[in-house]
Structure formats: structure tokens, C-alpha cells
J.: 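Here it is, the structure, as C-alpha cells.
The chains referred to below are lettered A, B, ... by the order of the sequence lines, with proteins before strands, and numbering in each begins at 1.
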Protein chains: 2
Amino acid sequence: MTRTVFERSDVIPLVAEVFRELGYEGASMSAITTRTSLSKGSLYHFFPGGKEEMAREILAHVDGWFADHVFKPLEGTNPQHAITLMWDSVDAYFRSGRRVCLVGAFALDETRDRFAVPIKSYFRRWIAALAGALARCGMNDVVAHRLAEEAVVSIQGALTVARALGDSDVFKRTVKRLRKRTTITSS
Amino acid sequence: MTRTVFERSDVIPLVAEVFRELGYEGASMSAITTRTSLSKGSLYHFFPGGKEEMAREILAHVDGWFADHVFKPLEGTNPQHAITLMWDSVDAYFRSGRRVCLVGAFALDETRDRFAVPIKSYFRRWIAALAGALARCGMNDVVAHRLAEEAVVSIQGALTVARALGDSDVFKRTVKRLRKRTTITSS
DNA sequence: GTCTATACAGTGATAGAC
DNA sequence: GTCTATCACTGTATAGAC
């Protein structure tokens with residue numbers, strides 16, 4: 001018998017995928033146990049607070065990933081390059097629209113009220129970081145903020161529609177269009 | 001004691017609002033009973049198939065509303081006027097972003113698999129109807145389809161981000177921008 | 001850190017009185 | 001068409017052996 005031994009940091013991505021696919025309410029403990037092949041005992045060992053603690057850790061984990069791969073680069077010294085990298089990261093992270101945004105999914109139903117703070121700060125920081133990068137590329141501040149908001153809005157919508165239609169091309173087209181619009185050619 | 005007597009058509013909008021706020025999994029029968037002030041007995045009288053039948057009826061009801069107020073006008077003889085009306089209807093229906101899209105919410109988690117057909121056809125028809133209207137306003141077919149897709153994507157994303165930030169202005173700005181972009185000035 | 005066994009509240013669903 | 005009572009089952013969570 002193989003008995004795999006995990007540590008907390010190994011478990012989070014596994015559980016995250018279950019929440020992502022089933023939503024907060026849909027992700028029952030038994031669904032999590034079967035899909036992670038971890039028993040309830042192990043899960044409660046890692047997360048004594050149960051589902052709520054799991055989801056909170058996962059939101060922090062997602063936010064951390066975006067901070068490292070998207071937000072911090074955008075807030076850094078090479079904004080134009082960071083924007084290009086952002087679109088690569090976004091396309092890879094969401095598997096060209098085959099993977100939904102956990103934070104966006106949590107935002108739609110009452111789950112939002114439970115995790116209002118991390119959900120709000122994720123979107124605020126993304127929009128602010130992108131707006132700042134666009135502004136430092138020479139774009140007018142107000143225009144930059146509007147375009148950043150439009151970009152984040154479009155990504156979320158593209159994930160919804162792509163999954164609704166079962167057509168990842170919707171997402172790919174959206175990213176392509178946004179990539180073009182956020183590439184500042186100082187001509 | 002007041003005993004209100006309903007018929008099926010009265011119940012659907014009430015239950016719809018519960019699904020919209022709590023999601024399919026989150027909308028438990030007890031949540032539906034308390035929020036509609038209808039007992040389980042009454043609900044199962046109207047919907048012998050339980051939650052699944054309720055959700056199916058609600059999806060049909062939403063689709064019917066959009067057919068009457070959005071799709072059919074777009075498919076009709078006055079496309080430019082229909083597009084203007086669409087933005088009025090969309091803004092009113094989603095309460096300027098304070099009300100989420102039930103179909104979009106269902107699309108994100110595994111609920112999509114259960115209701116794949118109605119979810120898909122809702123978005124397909126919306127995009128196709130808007131694309132057709134834009135084309136009949138003189139826009140190139142391919143461009144019209146891309147813009148229609150962009151519009152529906154943006155609406156869904158705006159609902160997500162508006163709710164995430166608790167800021168309906170995101171939605172209002174999005175509608176304003178799309179309204180402008182879909183107004184063809186044959187100059 | 002893993003697991004099984006168990007508690008018990010909440011789930012969808014049904015039956016039958018009014 | 002309304003309701004309450006009740007069903008079997010699944011939900012989260014806990015305890016304790018290994």
C-alpha cells in the first residue's frame with residue numbers, strides 16, 4: 001500500500017482545484033476527499049477550521065500567485081514588458097479559458113459576503129497595478145484606469161462565456177484583443 | 001392568518017431570485033422555503049422534479065424574458081433602435097450591476113454540465129442576435145460578430161467585477177462604453 | 001500525518017391531513 | 001394548493017487508533 005505523506009503547502013493547490021471546479025457550496029468535504037485522495041482526518045489536520053479555512057488559504061494562495069507573476073511586475077520598473085508578461089501569465093494560468101477564476105466565481109453568489117475582503121483586494125490590486133503600468137507607459141491616468149478596468153472585466157467575462165459555450169477560442173480572442181489594446185506604441 | 005395562494009407562474013420569479021443570490025448548490029430547499037415563504041409541500045407541488053426542475057424552469061423563464069425584450073427586437077426590422085433598447089433593458093434587468101446573471105453564474109461551476117444546453121443557447125443567441133443587428137446596421141459581418149461577442153463578454157465580466165468590488169459604477173461605465181461602441185453612425 | 005468510526009445537523013424528497 | 005411530519009441520505013465536524 002502506498003501512503004503518500006503531504007504537507008500543508010502541497011494540499012492547497014489540490015483543494016483549490018476542487019473549489020474552482022465545484023464552487024464553494026458545491027465543494028463538499030466528501031468531494032474534496034475523493035478528488036484529493038486525502039481522508040477527512042488529514043484535511044481537518046491541515047485545516048482545523050474546515051471548509052472556510054481551506055477557502056481562505058486558497059484565496060491567499062491565488063492572490064500570492066498573482067502578486068508574484070502579475071501584480072509586482074506591473075508595479076515594477078519595466079511596465080511595458082510586465083504587461084506583455086501579464087497576458088502570457090493570464091493565458092497560461094486560465095488555460096486559455098478552460099480554467100475559471102476562483103475569485104470571480106466566489107464573487108457571484110453569497111460566498112462573496114464570507115470572503116469580501118480578499119475578493120475585493122484581488123480585483124482592486126489587479127486593476128490598480130495595470131492602470132499604474134499603463135500610466136507609466138505614458139498613458140493619461142484616467143484613460144489608463146478605464147482601460148485597466150476594461151481589461152480585467154473582459155477577462156472575467158471571457159472566462160464565463162468561454163465556459164458557457166464550451167469554446168476556449170472566446171477567451172483566446174479576448175486576450176489577443178486586450179494584448180493589442182494595452183500595447184503602447186509611442187509613435 | 002393570511003394564506004396566499006400562488007400559481008406556478010407566480011412562484012418562478014420568486015425562486016429565481018433565490019437561485020440568483022445563492023447559486024444552484026447554495027440554494028437549499030430550506031433557503032428557498034424561507035425566502036419565498038412557501039412550504040416544501042407547495043414547492044414540490046409546483047415542481048415535482050425538485051431543485052433541478054425549478055432551475056430548468058427558471059432558465060427557460062430568463063431565456064423567455066431575454067427573447068421578448070432583447071433577442072427578438074434585435075432580430076427584427078429596426079436593429080439600431082433594438083440595440084439602444086437592449087442597453088436600456090440590460091441596465092434595468094441587472095439593476096446596474098447589483099443583480100448578477102443567473103445563466104452566467106450557473107456556467108462557472110459544475111452546474112454548467114447539468115444545464116449545458118440552455119446555458120449555451122442563451123449566450124449563442126444573444127451574441128448571434130446582436131451580431132446580426134450590427135451587421136444590418138451596415139457593419140462588416142466578421143467585425144459585427146467580434147463586437148457582439150465583446151459586448152456580451154464585457155457584460156458578464158462587469159457583473160462579476162461590480163459584485164466583487166461592491167461597486168455598481170463598474171457596470172454602469174461598461175454599459176456606457178458598449179452603448180457608444182455599438183451605436184453605428186453612418187457618417 | 002494518516003486513517004476509520006462516529007455524532008448529529010442539514011439535505012432533498014415523500015406522504016397525507018386539511 | 002396549502003401545510004406538517006417524516007423519511008433516507010449527505011453534510012460538516014470530531015475523536016481516537018495507528
J.: If we check side chain to side chain contact (heavy atoms under 4.5 Å, CB included) with A:Arg20, which of these qualifies: A:Leu102, A:Val15, A:Ile58?
T.: A:Leu102
J.: Measure the distance from CZ on B:Phe47 to P on C:dT14 and round it to the nearest whole Å.
T.: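 For the pair B:Phe47 CZ and C:dT14 P, the rounded distance is 15 Å.
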J.: Got a salt bridge between B:Lys176 and A:Glu150, using NZ or NE/NH1/NH2 to carboxylate O under 4.0 Å?
T.: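 No.
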J.: Whole angstroms only, please: what is the CG-P distance between B:Leu14 and D:dT2?
T.: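 It works out to 11 Å between those atoms.
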J.: For the side chain of B:Ser42, starting at C-beta, report the closest nucleotide among C:dG1, D:dT12, D:dT2.
T.: D:dT2
J.: Ion pair present between B:Arg35 and A:Glu110, side-chain N to carboxylate O less than 4.0 angstrom?
T.: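 Here B:Arg35 pairs with A:Glu110 in a salt bridge, since their nearest N and O are under 4.0 Å apart.
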J.: According to ring-ring contact (aromatic ring centres under 6.0 Å, His included), who are the partners of B:Phe6, at least two apart in sequence or on a separate chain?
T.: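 Applying ring-ring contact (aromatic ring centres under 6.0 Å, His included) to B:Phe6 gives none.
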J.: Give the rounded distance in Å between these two atoms: NZ of A:Lys51 and C1' of C:dG10.
T.: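 The distance from NZ of A:Lys51 to C1' of C:dG10 comes to 13 Å, rounded to the nearest Å.
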J.: Does the plane of the ring in A:Trp126 sit parallel, tilted or perpendicular to the ring in A:Phe66? Use 30° and 60° as the thresholds.
T.: tilted
J.: How bent is the helix from C:dG1-D:dC18 to C:dC18-D:dG1, comparing axes over its five end pairs at each side, to the nearest 10°?
T.: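 Answer rounded to 10°: the end axes differ by 0°.
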J.: For DNA chain D, whose closest nucleotide is more 5', that of B:Val11 or that of A:Gly50?
T.: B:Val11
J.: Determine: side-chain N/O of B:Ser39 to OP1/OP2 of D:dT2, distance under 4.0 Å, yes or no.
T.: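 Answer is no, no contact under 4.0 Å.
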J.: Distance check: side-chain N/O of A:Tyr44 vs OP1/OP2 of D:dT14, anything under 4.0 Å?
T.: no
J.: Starting at CD of B:Glu25 and ending at P of D:dG11, how long is that distance when rounded to a whole Å?
T.: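 Distance, rounded to whole Å: 9 Å.
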J.: Cation-pi between A:Arg99 and A:Tyr93: NZ/CZ under 6.0 Å from ring centre and within 45° of the ring axis?
T.: yes
J.: From C:dT2, C:dC3, D:dT14, pick the nucleotide closest to the side chain of A:Lys40?
T.: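 Closest of the options to the side chain of A:Lys40: D:dT14.
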J.: Using a cut-off of less than 4.0 Å, is there contact between a side-chain N or O of A:Ser30 and OP1 or OP2 of D:dT10?
T.: no
J.: Please determine, for the side chain of B:Phe46, which listed nucleotide (D:dG1, C:dC3, C:dG1) has the closest atom?
T.: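 That would be D:dG1.
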J.: Tell me the interatomic distance from B:His45, atom NE2, to C:dG12, atom P, rounded to whole angstroms.
T.: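 Whole-Å distance recorded here is 20 Å.
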J.: Please pick, from D:dG11, C:dG12, C:dT2, the nucleotide with the shortest atom-to-atom distance to any side-chain atom of A:Leu38.
T.: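 My answer, after comparing the listed nucleotides, is C:dT2.
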J.: Figure out the CE/P separation between B:Met29 and D:dG11, and round it to whole Å.
T.: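 Rounded to whole Å, this separation is 17 Å.
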J.: Provide, to the nearest angstrom, the distance between the CD1 atom belonging to A:Ile32 and the C1' atom belonging to D:dG11.
T.: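 Atom CD1 in A:Ile32 sits about 12 Å away from atom C1' in D:dG11.
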J.: Which nucleotide in the list C:dT2, D:dT12, D:dT2 gets nearest to the side chain of B:Val5?
T.: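 The answer is D:dT2.
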J.: Round to the nearest Å and state the distance from A:Leu22 atom CG to D:dG11 atom P.
T.: 11 Å
J.: Can you check whether B:Trp65 and B:His61 have ring centres sitting under 6.0 Å from each other?
T.: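 They do not qualify: ring centres at least 6.0 Å apart.
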